[in-house]
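One structure is given below, encoded as structure tokens.
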Amino acid sequence: MKDKGKAFIAYITRKEFWAIWIFAVIQIVYHIMMREPEASDAMWFFRHQLDHLSMKEYLLARYETWSSRLLIEAVLVLVSRNVLLWKILDAVCWVFLAWALIWLFPKEKRVTASYLVVGCLLIYPMWDLRTAGWIATSVNYIWPLAFGVFSLHGTVRAFSKQETPVFMWPVYALAAAYGANMEQMAAVLLTVNLCAAAYCVIEKRSVRIYGSALIGFAISAAEFVFILICPGNAARKNQELINWMPNFGSFHLLDKVDMGFGDTMHHLIVSGNLMYLCYVSLLAVFVFLKTKDFKHRLAALFPAAVNLCMVGFPDMLETYFPEFYKLMKNGVLIRGNNYQLAANYLPTVLYLALIGCMLISVIVVCESYYELLGQGILLALGLASRVIMGFTPTIYVSQERTFFYLYIILGVSGICLVLKNQKMLQEHARVYEAVKLSFSLFAIAGLIVNFSEIGSI
């Protein structure tokens with residue numbers, strides 16, 4: 001028994017776990033500081049639902065009138081009744097998310113991956129999750145993401161031709177069932193598992209290799225259908241139309257795509273979030289190391305330059321380019337009453353130029369078609385996870401929390417690029433040290449801001 005205990009302690013204190021332990025301590029401090037607002041969704045609604053209803057009655061009522069997130073809400077009404085219990089479980093889920101993300105990467109690169117993952121999670125602006133209250137937002141967003149990412153471990157193993165033990169299939173299936181109960185996570189799991197299964201079929205690999213991906217795809221597909229046919233989702237949308245956007249029913253497909261895309265890109269370049277700046281700056285570094293082509297380098301610098309100008313020099317923009325600043329600040333949706341004004345198209349043109357420049361940079365950096373395809377799918381999935389909000393009348397009500405999946409996918413994409421090009425970075429010692437220092441400063445800045453914001457609530 002003592003030998004097993006020593007072996008376990010030796011295992012969890014390996015280098016690849018050091019960053020996780022640091023992150024765990026930070027999460028404990030975060031959650032000690034967190035105060036759940038009395039007016040939050042959990043406090044005024046969810047914690048009281050089981051006072052007079054059974055769990056079955058509550059979930060049936062939600063299915064018929066409000067939501068398809070039955071697994072998530074079953075957990076939510078329970079943890080809302082005990083804030084201390086939620087704090088413990090939420091801190092554990094954040095650490096579990098960090099571990100799940102790290103274990104997506106090859107074993108030989110996990111030490112580096114662990115610091116990159118933890119750094120990205122520290123950069124993420126935690127205050128974005130307070131909009132509906134800490135409890136409701138975490139259970140609806142962080143917990144499904146953590147379990148959803150964990151369910152992809154078997155899928156990732158399939159890419160590297162490793163078999164997943166059959167006894168883990170039901171474990172991954174349960175994790176996928178909970179994760180896919182959230183609409184954005186359902187779309188992510190559906191796409192990733194489908195691509196993995198298709199890749200393995202093309203490569204003529206054994207079903208034993210990608211069985212976990214097939215199960216994950218089947219579960220996420222079933223949940224996606226359930227989301228579409230749930231009467232509660234339709235009823236909620238009708239109510240939200242009345243409450244938040246009465247003219248939403250007149251919007252066409254392109255109107256909704258424009259609204260989702262415009263709001264997403266506007267937030268990325270003007271909100272001051274560090275994750276986007278960190279990602280586009282990293283792309284620029286790799287482009288400069290891989291090519292001397294002036295056009296490619298200019299394209300790589302453009303997204304970071306626009307972000308810095310919009311965030312760092314808004315007063316100057318307002319002074320010298322007042323009309324452009326007004327368009328960017330307020331955002332303009334192209335409709336029947338303003339489509340003839342050419343200036344209204346400037347934000348959309350800028351957003352498309354930014355996406356185009358990022359795409360050019362990714363093409364330059366990726367060394368194979370498979371890597372480019374993987375990065376393309378990953379980034380498209382991240383963008384789509386937020387653009388899809390344009391199809392809901394609550395796009396402006398749900399606020400920053402709906403960017404969570406996009407931020408995490410940007411982080412994963414960036415980590416993949418670093419691990420793939422780590423050798424090249426190390427060959428340029430000064431650049432490598434500058435990248436490490438810059439990323440560390442980003443993480444420290446994110447940590448300081450999060451402590452400040454959490455402590456002020």
Side-chain angles (χ1 to χ4, degrees), residues 128 131 183-184 186-188 191 224 227-228 233-234 236-273 275-276 279-280 299 302-303 306-307 309-311 314 317 321-360 362 376-407 409-410:
D128 283 3
T131 49
E183 297 84 0
Q184 288 175 302
V188 171
T191 305
F224 206 77
I227 290 167
L228 293 175
N233 287 337
R236 182 183 65 197
K237 184 176 181 179
N238 291 332
Q239 185 60 47
E240 289 172 340
L241 282 172
I242 298 171
N243 292 341
W244 306 111
M245 200 177 290
N247 61 334
F248 184 81
S250 65
F251 291 179
H252 299 296
L253 175 64
L254 288 179
D255 294 332
K256 295 173 183 177
V257 172
D258 177 44
M259 183 166 62
F261 177 70
D263 186 64
T264 300
M265 294 303 298
H266 178 266
H267 174 86
L268 288 178
I269 67 173
V270 306
S271 67
N273 70 83
M275 188 74 81
Y276 174 74
Y279 182 78
V280 294
F302 185 64
V306 170
N307 183 234
C309 285
M310 294 301 299
V311 175
L317 288 174
F321 307 98
E323 293 302 320
F324 174 74
Y325 177 80
K326 184 178 179 181
L327 282 172
M328 293 302 301
K329 181 180 179 181
N330 299 328
V332 177
L333 295 177
I334 307 300
R335 294 290 179 266
N337 62 344
N338 65 2
Y339 73 93
Q340 75 280 6
L341 301 176
N344 290 340
Y345 293 88
L346 283 177
T348 300
V349 171
L350 176 61
Y351 300 151
L352 291 174
L354 290 171
I355 294 294
C357 288
M358 291 173 66
L359 180 59
I360 291 171
V362 171
I377 292 173
L378 193 62
L379 293 173
L381 191 57
L383 183 61
S385 72
R386 183 54 181 58
V387 173
I388 197 68
M389 290 302 298
F391 289 79
T392 69
T394 57
I395 179 173
Y396 303 120
V397 180
S398 299
Q399 300 176 7
E400 292 87 354
R401 63 182 181 269
T402 56
F403 287 87
F404 183 61
Y405 286 79
L406 174 55
Y407 283 144
I409 288 175
L410 282 179

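- Between Val280 and Phe302, the closest side-chain pair of non-hydrogen atoms is not below 4.5 Å.
- In this structure, the separation between CE on Met275 and CZ on Phe403 is 13.5 Å, given to the nearest 0.5 Å.
- Sorted by first and then second residue, the salt bridge (charged side-chain N to carboxylate O under 4.0 Å, His left out) pairs with a member in residues 380-393 read Asp263-Arg386; sequence neighbours excluded.
- The shortest non-hydrogen separation linking Leu378 to Ile409 is O-CG2, 3.1 Å.
- Taking the side chain as every heavy atom from C-beta outward, Leu381 and Tyr405 never approach each other to under 4.5 Å.
- Ile269 is listed as a side-chain neighbour of Tyr276, based on a closest heavy-atom distance under 4.5 Å.
- Ile227 and Ala186 get closest at one heavy-atom pair: CD1-CB, 4.1 Å.
- Between the NZ atom of Lys256 and the CD1 atom of Ile388 there is a distance of 10.0 Å, given to the nearest 0.5 Å.
- Across every non-hydrogen atom of Met358 and Pro303, the tightest pair is CG-CG, 3.9 Å.
- How far CG of Leu379 is from CD1 of Ile355: 8.5 Å, rounded to the nearest 0.5 Å.
- When atom types are taken as modelled, the side chain of Thr191 and the backbone of Val188 share no donor-acceptor pair closer than 3.5 angstrom.
- The CZ atom of Phe261 sits 7.5 Å away from atom OG1 of Thr348, with the distance rounded to the nearest 0.5 Å.
- A 4.5 Å side-chain heavy-atom check between Asp128 and Tyr407 finds at least one atom pair inside the cut-off.
- The side-chain hydrogen bond (donor to acceptor under 3.5 Å, both in side chains) test applied to Glu400 returns no partner, not counting sequence neighbours.
- Note that the NE2 atom of His267 and the CG atom of Asn273 stand 5.0 Å from one another [nearest 0.5 Å].
- The side-chain heavy atoms of Val270 and Val311, taken from C-beta on, include no pair separated by under 4.5 Å.
- Taking every heavy atom of both residues into account, Leu410 and Tyr279 meet most closely at O-CD1, 3.4 Å.
- Residues Tyr351 and Leu268 are not in side-chain contact: their nearest non-hydrogen atoms beyond the backbone lie 4.5 Å or more apart.
- Minimum interatomic distance between Leu406 and Leu383 (heavy atoms only, all atoms of both residues): CD1-N, 3.8 Å.
- In terms of heavy atoms, Thr392 sits closest to Met259 at O-CE, 4.5 Å.
- Considering CE of Met265 and CG of Leu352, their distance stands at 8.5 Å, rounded to 0.5 Å.
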